[in-house]
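This report concerns only the one structure given below.
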Number of protein chains: 4
Amino acid sequence: MIIVMKQNASEENVEHLIKVIHGKGLETHLSTGKQVTIIGVVGDKSQLTYDNLEIFEGVDKIVPVTESYKLSSKKFHPEPTTIKVKNASIGPGTLTIIAGPCAVETEEQLMSIAKAVKKAGASIVRGGAYKPRTSPYSFQGLEEAGLRYMKEASEETGLATICEVVSLDAINTAVKYVDMIQIGARNMQNFFLLKEAGKSGLPVVLKRGLAATIDEWLNAAEYIISEGNPHVILCERGIRTFETSTRNTLDLSAIPVLRSKTHFPIIVDPSHATGVRDYVPSLAKAGIAVGADGLMIEVHNDPENSMSDGPQSLTFQQFEELTKELAPYSSLVGRAFGI
Amino acid sequence: MIIVMKQNASEENVEHLIKVIHGKGLETHLSTGKQVTIIGVVGDKSQLTYDNLEIFEGVDKIVPVTESYKLSSKKFHPEPTTIKVKNASIGPGTLTIIAGPCAVETEEQLMSIAKAVKKAGASIVRGGAYKPRTSPYSFQGLEEAGLRYMKEASEETGLATICEVVSLDAINTAVKYVDMIQIGARNMQNFFLLKEAGKSGLPVVLKRGLAATIDEWLNAAEYIISEGNPHVILCERGIRTFETSTRNTLDLSAIPVLRSKTHFPIIVDPSHATGVRDYVPSLAKAGIAVGADGLMIEVHNDPENSMSDGPQSLTFQQFEELTKELAPYSSLVGRAFGI
Amino acid sequence: MIIVMKQNASEENVEHLIKVIHGKGLETHLSTGKQVTIIGVVGDKSQLTYDNLEIFEGVDKIVPVTESYKLSSKKFHPEPTTIKVKNASIGPGTLTIIAGPCAVETEEQLMSIAKAVKKAGASIVRGGAYKPRTSPYSFQGLEEAGLRYMKEASEETGLATICEVVSLDAINTAVKYVDMIQIGARNMQNFFLLKEAGKSGLPVVLKRGLAATIDEWLNAAEYIISEGNPHVILCERGIRTFETSTRNTLDLSAIPVLRSKTHFPIIVDPSHATGVRDYVPSLAKAGIAVGADGLMIEVHNDPENSMSDGPQSLTFQQFEELTKELAPYSSLVGRAFGI
Amino acid sequence: MIIVMKQNASEENVEHLIKVIHGKGLETHLSTGKQVTIIGVVGDKSQLTYDNLEIFEGVDKIVPVTESYKLSSKKFHPEPTTIKVKNASIGPGTLTIIAGPCAVETEEQLMSIAKAVKKAGASIVRGGAYKPRTSPYSFQGLEEAGLRYMKEASEETGLATICEVVSLDAINTAVKYVDMIQIGARNMQNFFLLKEAGKSGLPVVLKRGLAATIDEWLNAAEYIISEGNPHVILCERGIRTFETSTRNTLDLSAIPVLRSKTHFPIIVDPSHATGVRDYVPSLAKAGIAVGADGLMIEVHNDPENSMSDGPQSLTFQQFEELTKELAPYSSLVGRAFGI
């Protein structure tokens with residue numbers, strides 16, 4: 001931590017501050033420049049939690065130099081993490097495809113989609129049973145019934161399953177039926193939910209918040225892993241920008257940035273990022289090229305009549321064509337495709 | 001709802017679409033231009049929920065012309081709502097001051113602050129017992145003990161009390177101790193929590209999300225009121241922008257915009273918006289001048305040693321000076337001050 | 001300047017870096033922590049301009065601790081600047097009103113507006129002769145003819161005049177006709193134009209860019225003052241955010257922030273910020289309450305038929321009512337109104 | 001154009017509006033719903049330029065349904081445009097590499113870089129002679145001398161050349177020395193400069209503004225083409241977001257969106273987008289995968305001592321390795337590489 005003093009800070013200001021810091025058992029390094037004085041603080045900064053150094057007389061600003069997340073950081077865990085769920089493996093060497101409808105609608109719908117995406121190369125089927133919707137008057141999901149259909153689809157196809165959770169109650173129900181859970185963008189800083197997801201022990205796909213920085217995202221992941229659950233997968237699904245021709249803006253540069261900071265696997269969701277079916281294939285390819293460990297893609301048996309997010313869903317045929325096109329990109333980056 | 005067709009849409013495309021819409025019992029008005037054809041849809045649009053008109057052949061875009069919120073809208077409730085809690089009244093004709101620490105720390109701390117803010121003109125005391133923090137290693141609040149101190153402070157001073165909630169469990173506990181609850185910015189689209197806040201029946205201060213539009217905010221309010229709880233107060237507390245010299249950017253234009261769209265009372269929180277104590281007084285004045293019904297201001301007995309958000313907290317003396325300066329602004333806008 | 005080293009940086013990395021810095025005649029202070037090593041650099045940093053310290057082996061990041069602007073900074077010029085133009089004075093103790101149409105349309109139009117805004121309390125008349133428009137097919141302004149009408153309006157009313165410039169040619173023409181020039185938001189980082197505005201010697205109203213930080217804005221002002229022209233007025237006119245119910249979001253917290261960083265006068269333009277006439281009055285009041293030195297407000301003789309930005313323009317009557325309402329706010333902040 | 005009336009609009013309001021529109025020779029289609037009345041306007045909307053329909057009594061909002069750009073639109077020019085400069089071809093079937101230093105520093109520097117990038121597969125060499133810099137105290141470029149070195153490098157290597165222009169004077173000088181000009185992000189809405197670039201007749205690379213939408217970008221391009229110059233190349237170079245670990249956020253979804261709207265070639269600049277050398281290779285690959293016609297990459301003989309943007313520049317060896325890695329991606333998308 002670095003403390004930058006104001007230009008007009010007095011010697012007394014500096015001395016008082018140093019005394020407080022030393023009183024907590026930390027060391028300081030003083031650097032006195034022509035214009036500004038800087039105090040470097042060395043040691044266990046958690047001792048300073050309740051001291052608001054910013055408002056001590058003469059302080060201009062505090063510059064942190066270490067991240068607040070630990071277990072999520074590559075510094076403390078240099079090797080990339082691989083997460084195995086049923087036959088799927090998410091991590092180095094594989095390119096994992098998660099596919100399925102935005103929302104589970106009926107037993108038949110989900111079963112037909114699960115079979116179709118398996119055939120085309122997916123190893124995990126997704127489907128929402130608890131839908132966070134902007135308006136209370138939109139379809140909110142089938143809840144437990146939806147989860148039951150997921151379990152049936154898994155038993156029939158052997159695919160692993162994933163479903164979004166939005167409350168402790170949803171987690172407790174999901175644990176009974178699915179293999180992985182997802183925390184959605186709007187709940188990325190629902191810290192209560194993150195802790196409960198951590199306690200569940202299930203692998204957690206953590207989507208990036210609409211306006212979240214990468215540091216905030218990794219701090220959110222830290223809530224999960226600090227409960228003893230290291231099975232976290234980060235999913236880039238677009239951030240909010242001023243552009244309106246896509247629903248959000250897919251931030252593919254986040255993938256190499258995350259790779260330099262964390263050991264967690266990273267996947268890309270071009271369907272939610274764009275909200276437009278026609279843009280999904282080219283961004284899926286780009287996602288592989290930039291180094292993602294997997295893709296999450298929306299597929300629907302009848303997009304025109306889907307209950308949620310139809311415009312971004314691929315038909316079975318479109319999805320099958322897409323996976324054929326993706327395979328050579330997967331080879332180029334040295335990953336086994338669709339496992 | 002207006003459907004804009006693509007330039008190259010065929011007559012068949014248009015006819016098919018109109019047939020689908022008529023099939024749901026809605027009416028259409030066709031407008032054929034040189035470049036584009038437009039279909040106006042009239043009637044109960046909820047009949048179209050599961051039809052994804054955007055992906056019908058030939059459709060360019062869908063333009064909604066009515067808001068998705070109803071009970072929150074001024075159209076359905078033209079008179080401004082006044083919310084009464086103990087001796088406080090939030091709505092037309094009064095300028096209500098909510099003040100207190102970011103986090104409840106000890107019984108003595110809260111009691112001394114409650115007395116000080118009451119003396120200076122506040123009618124509601126705030127204090128966090130469940131703190132949503134970016135990092136899991138930061139102070140997370142005293143939970144039920146903090147709420148108990150709130151109740152004691154209320155009994156001693158007669159002030160109404162408000163506390164943020166972050167989970168169903170927190171709501172169930174808060175109901176026993178405090179007069180109002182708050183949904184924080186990070187939980188503005190935690191729809192599960194919004195519904196539970198609605199069911200609680202307590203007045204709810206709903207803070208605006210960091211990247212939320214006013215429409216999304218009003219849809220979030222709709223989740224509360226649609227559970228039968230009309231006691232919603234909207235709190236502008238700054239949105240995320242590229243500016244870094246303030247923590248967030250206080251959007252004061254939101255106040256006249258909200259006033260034109262909703263009947264709910266509106267308050268302004270300059271403390272969280274700026275994160276800097278020195279900027280609070282001028283923005284509090286601006287908040288009154290622009291038409292807010294009240295202010296939420298952080299006050300602490302010892303900001304240098306507060307457990308959370310010290311840099312933005314006012315001392316007792318600063319708060320007392322501020323309320324004296326605010327009173328004439330309140331008179332100018334025709335509001336009784338500090339009630 | 002502070003150099004934060006990577007966790008795995010070697011002693012050789014640190015030594016090499018220090019040697020390079022010393023070689024430029026600067027001093028270093030080394031601070032070796034458990035996790036990271038920090039090098040504080042003291043002295044004339046311009047010696048390091050062509051050294052890209054960020055890519056030296058072992059460097060994690062560079063943290064600047066002083067601003068890059070000098071002449072614009074309050075540190076080097078603590079007293080607030082007052083700018084006098086004809087009978088108008090912009091600075092401490094006065095609340096200056098600049099008013100007029102978005103675009104100059106005809107001689108009669110401008111003359112009638114100039115008389116009306118003078119009567120209501122404005123001391124400077126504005127009017128665009130060179131209009132930066134998103135589409136090349138929109139009205140682009142009367143150019144020199146418009147400036148001539150400005151001069152006539154000034155001669156008739158005694159008001160000072162201001163007009164936006166968009167090119168060197170426009171500056172050279174404006175110098176002949178008007179008292180002040182304006183650099184618009186889209187040109188805030190048109191550095192060539194800023195330098196030429198500096199050379200013109202005329203007072204310059206510098207509007208904030210749509211996505212500009214306060215630091216970038218002050219660096220833009222530095223381009224003007226570093227050409228020897230200290231007559232700069234900063235105009236907050238709204239920044240781009242995700243909110244669409246106003247054209248931009250007026251950042252009123254920028255006023256106290258700027259006041260702490262620079263000596264330049266600061267004005268607020270609620271008309272361009274909101275784009276909606278109904279929101280102008282309440283934000284004008286808030287602008288005064290927060291401490292602005294003046295306001296820029298659009299007024300038009302016939303908003304329904306104006307060539308540009310009619311929806312945000314006030315009629316003569318609305319403007320007159322507004323100035324009457326603003327006067328007591330001006331008194332509250334201790335400023336003489338309309339001088 | 002669609003006019004949405006307020007809920008409480010009177011029949012007189014609607015009739016008055018329709019009369020005004022008919023008076024301009026346009027047609028209307030009226031659609032009267034339970035909640036709102038909508039007026040569709042058909043015909044040449046330019047007749048309404050000076051009518052501010054938004055402020056007519058009873059109007060809620062105006063929804064445009066056609067774009068304001070014409071010549072840039074795919075609707076009016078369905079075939080993709082190919083731009084040929086010397087031996088380079090930018091458009092369908094080729095993957096063009098533009099490479100070179102951020103700033104031209106010396107004759108020798110530029111010559112050595114030109115030879116190196118040619119050898120590795122680039123067909124156009126870039127180099128800045130007029131540098132738009134945030135601070136007036138940063139290096140501003142060699143101006144005409146820099147352009148002269150560009151010409152020499154072109155004569156020696158046969159490569160086409162491109163240089164950014166920032167003023168009319170710079171354009172007039174550039175025309176004498178280089179093959180293409182570039183309008184930078186900060187000048188994307190410097191409409192004066194866009195028109196002059198259009199008049200120059202040279203191919204223009206138009207970079208996207210930091211906070212520009214795709215529609216604003218295409219309207220900026222329209223300024224160039226409407227001066228009779230159809231040789232426009234759009235360059236995505238990152239937009240400003242809240243993420244700080246990259247300088248900007250490369251918006252790769254812009255490529256398929258642009259492809260659906262315009263016929264101009266599209267290139268991607270991962271160097272300026274990220275500002276970090278290590279992130280350039282993976283994003284370059286993603287740029288090809290997503291469908292770009294070319295890449296612009298910064299290469300420097302000695303990044304540690306470059307005068308501008310060293311941290312994002314590749315060394316000769318890194319660039320050569322990168323082009324080898326890019327070639328198979330180019331094959332996958334069916335483009336001849338490095339022509």
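Chain letters run A, B, ... following the sequence lines, proteins first and then strands; every chain starts at 1.
- Between the side chain of A/R133 and the backbone N or O of A/Y137 there is no donor-acceptor pair closer than 3.5 Å.
- When atom types are taken as modelled, the side chain of A/E79 and the backbone of A/H263 share no donor-acceptor pair closer than 3.5 angstrom.
- Interface remark: of the candidates D/P281, D/G238, D/S245, D/S245 forms the most heavy-atom pairs closer than 4.5 Å to chain A.
- In this structure, CG in D/N219 is found 3.5 Å from OG in D/S68, a value given to the nearest 0.5 Å.
- In this structure, chain D has heavy atoms under 4.5 Å from both the backbone and the side chain of A/L252.
- In this model, no donor atom of one side chain and acceptor atom of the other lie less than 3.5 Å apart for D/T249 and D/E243.
- With hydrogens and angles ignored, the 3.5 Å screen pairs a side-chain donor or acceptor of D/T274 with a backbone N or O of D/P270.
- Of all residues spanning residues 312-324 of chain A, none has a heavy atom less than 4.5 Å away from chain D's heavy atoms.
- In this structure, the portion of A/S260 lying under 4.5 Å from any heavy atom of chain D is its side chain and not its backbone.
- A donor-acceptor contact under 3.5 angstrom links the side chains of D/D251 and D/S253, judged on distance only.
- For D/L283, the parts lying near chain A are the backbone and the side chain together; criterion is any non-hydrogen pair under 4.5 Å.
- For the options A/T213, A/I214, A/L250, A/T246, heavy-atom pairs under 4.5 Å to chain D are most numerous at A/I214.
- Atom CG of D/L218 sits about 5.5 Å away from atom CG of D/L258, to the nearest 0.5 Å.
- At distances below 3.5 Å, at least one donor-acceptor pair connects side-chain atoms of A/R126 with backbone N or O atoms of A/C102.
- Looking only at distances, no side-chain donor or acceptor of D/R247 sits under 3.5 Å from a matching main-chain atom of D/G275.
- D/T241 touches chain A through its side chain: at least one heavy atom from C-beta onward sits under 4.5 Å away, while N, CA, C and O do not.
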